[in-house]
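A note on names: the letters A, B, ... follow the listed sequences, proteins ahead of strands, and every chain is numbered from 1.
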Amino acid sequence: MGKVIELSWYQNNNVVDVAIGLLGKHLCTNINGKQVKGLIVETEAYSGVNDKACHANNQRKTKRNRIMFEPGGHAYIYLCYGIHHLFNVVTNVIGKADAVLIRAVEPLEGVEAMLDRRKMRKFEKQVTNGPGKFTQAFGITTQYYGTALDSKIIWIEESKSISENNIIAAARIGVGYAEEDALKPWRFYLKENKWVSRF
DNA sequence: TAGGTGATCTTG
DNA sequence: AAGATCACCTAT
C-alpha cells in the first residue's frame with residue numbers, strides 16, 4: 001500500500017505539473033464493497049478561466065463545475081454525452097478553477113470487479129483504456145461529485161516516479177471547439193503503454 | 001463511421 | 001420552452 005497523496009499536493013498553481021505528476025500514481029476506489037486499483041497512464045490538463053477547452057473558461061461557474069473553484073484535491077465528475085461519467089482531479093487553490101482529466105489507467109487490483117462492472121468476460125485493454133471506460137470499471141459516478149481524494153471512497157497513492165523520457169505530450173482529445181487552445185500539448189501519456197486510450 | 005444519450009447551457 | 005452542444009463508446 002502506497003502513501004495516500006495529501007490534498008495540499010494538488011493545490012499547485014501549475015496544472016500541467018500536476019497532470020504530469022499524476023502519471024504512474026495509483027488511483028483507488030472502494031465502492032459498493034469492492035476495492036480496485038489502477039496505474040494512471042494518461043491525463044489531460046485544463047487550465048482555468050483562460051483555457052477555451054476548460055469548463056471554467058471565461059469565468060463560467062455553474063452547478064456542474066462549481067467544485068473546480070474549490071481548493072485542489074476534490075473530484076470533479078460530470079456526465080458526458082448523456083452516458084459517460086468523466087473523472088477529474090481539481091487542482092490549484094480556491095478561486096483558481098484548474099483540473100486534470102484522468103483518461104486511462106492500467107488495472108492493478110480488483111480486475112474481477114472491473115470486468116463485472118464493464119460486463120466483459122475477457123481481460124483486455126478495453127476494460128480501462130478510455131475516460132468513460134475506466135470510470136465504469138471503478139464504479140465512479142456523479143454520485144461522488146466533490147469527494148475529497150484522501151477519503152476512503154476515492155484516493156490516489158504515491159508510487160515510483162516516471163522518468164521524463166517515458167512521457168509523451170500531445171494535443172488534447174475531443175476539444176476541437178477550443179480554437180487555438182485545442183492545439184496546446186496538454187495531454188500526457190506513458191510511452192508504449194497499451195492501456196492508453198488512443199495514439 | 002454513425003448514432004445513442006441526457007444534463008447543461010443558450011436563445012428567443 | 002425549445003434547441004444545440006458535448007473532455008465518449010459501441011456496434012456495424
Less than 4.5 Å apart, any side-chain heavy atom of A/Leu190 and any of A/Leu39?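 Yes. Closest side-chain heavy atoms under 4.5 Å.
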With no hydrogens and no angle check, do the side chains of A/Gln136 and A/Arg118 hold a donor and an acceptor under 3.5 Å apart?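 Yes - a donor-acceptor pair under 3.5 Å links their side chains.
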Is a donor from one side chain sitting under 3.5 angstrom from an acceptor on the other, for A/Lys34 and A/Asn30? no
Please list, in 5' to 3' order, the outermost nucleotides of DNA chain C lying under 4.0 Å from any heavy atom of chain A.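 Listing 5' to 3', DNA chain C meets chain A from C/dC6 to C/dT10.
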Spacing of [X] atom [atom1] and [Y] atom [atom2] [to the nearest 0.5 Å]:
X: A/Arg64; Y: A/Tyr145; atom1: CZ; atom2: OH; value: 9.0 Å
X: A/Leu149; Y: A/Cys28; atom1: CG; atom2: SG; value: 11.0 Å
X: A/Thr29; Y: A/Phe87; atom1: OG1; atom2: CZ; value: 9.5 Å
X: A/Ile173; Y: A/Leu101; atom1: CD1; atom2: CG; value: 10.5 Å
X: A/Leu86; Y: A/Cys80; atom1: CG; atom2: SG; value: 5.0 Å
X: A/Ile102; Y: A/Ile77; atom1: CD1; atom2: CD1; value: 11.5 Å

Taking the nucleotide of DNA chain C with the closest heavy atom to each, which residue, A/Leu79 or A/Ser197, is nearer the 5' end?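 Nearest nucleotide further toward 5': that of A/Leu79.
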According to the Watson-Crick and G-U wobble definition with distances under 3.5 Å, which dot-bracket string, read 5' to 3', encodes DNA chain B, using [ ] for crossing pairs and | for pairs with another strand? ||||.||||||.
Mind running a 4.0 Å heavy-atom check of [range] against DNA chain C and sending the residues that fall below it, in number order?
range: residues 42-59 of chain A; value: A/Tyr46, A/Ala53, A/His55
range: residues 121-141 of chain A; value: A/Gly130, A/Pro131, A/Gly132, A/Lys133
range: residues 92-106 of chain A; value: A/Leu101, A/Arg103

Kindly write out the residues that satisfy side-chain contact (heavy atoms from CB on, under 4.5 Å) with A/Ile168, not counting sequence neighbours, or none if the list is empty.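 Testing A/Ile168 for side-chain contact (heavy atoms from CB on, under 4.5 Å), a comparison that skips the adjacent residues, returns A/Tyr189, A/Lys191.
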With sequence neighbours left out, write down each residue that passes side-chain contact (heavy atoms from CB on, under 4.5 Å) with A/Glu109, or none if nothing qualifies. A/Lys37
Please list, chain by chain and in numerical order, all residues satisfying salt bridge (Lys or Arg N to Asp or Glu O under 4.0 Å) with A/Lys61, sequence neighbours excluded. none
Pairing residues for A/Arg187 by the salt bridge (Lys or Arg N to Asp or Glu O under 4.0 Å) criterion, not counting sequence neighbours: A/Glu42
Strictly distance-based, threshold 3.5 Å: is any side-chain N or O of A/Asn92 a donor or acceptor partner for the main-chain N or O of A/Asp98?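 No; zero donor-acceptor contacts below 3.5 Å.
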Backbone of A/Asp17 reached by a side-chain donor or acceptor of A/Asn14 within 3.5 Å: yes
Look at all strands and tell whether A/Arg118 reaches a base, only sugar-phosphate, or nothing, counting heavy atoms closer than 4.0 Å. sugar-phosphate
Is it true that A/Glu157 and A/Lys3 make a salt bridge, defined as a side-chain N closer than 4.0 Å to a carboxylate O? no
Regarding A/Arg172 and the six-membered ring of A/Tyr46, is the cationic atom NZ or CZ under 6.0 Å from the ring centre and inside 45° of its axis?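 Geometry flag: set, cation within 6.0 Å and 45°.
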Which residues share a side chain to side chain donor-acceptor pair (under 3.5 Å) with A/Asn193, sequence neighbours left out: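 Side chain to side chain donor-acceptor pair (under 3.5 Å) list for A/Asn193, sorted by chain: A/Glu106.
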Filtered N/O pairs between nucleotides 8-11 of chain B and protein, under 3.5 Å:
unit_1, atom_1, unit_2, atom_2, d
B/dC9, OP1, A/Thr62, OG1, 2.3

Any chance the rings of A/Trp195 and A/Phe123 have centres within less than 6.0 Å?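 Yes: the rings meet the under 6.0 Å criterion.
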Parallel under 30°, tilted from 30 to 60°, perpendicular over 60°: which one fits the rings of A/Tyr76 and A/His55? perpendicular
Pull out every protein N or O sitting under 3.5 Å from an N or O of nucleotides 1-5 of chain B, one pair per line with the distance.
unit_1, atom_1, unit_2, atom_2, d
B/dT5, O2, A/Tyr81, O, 2.6

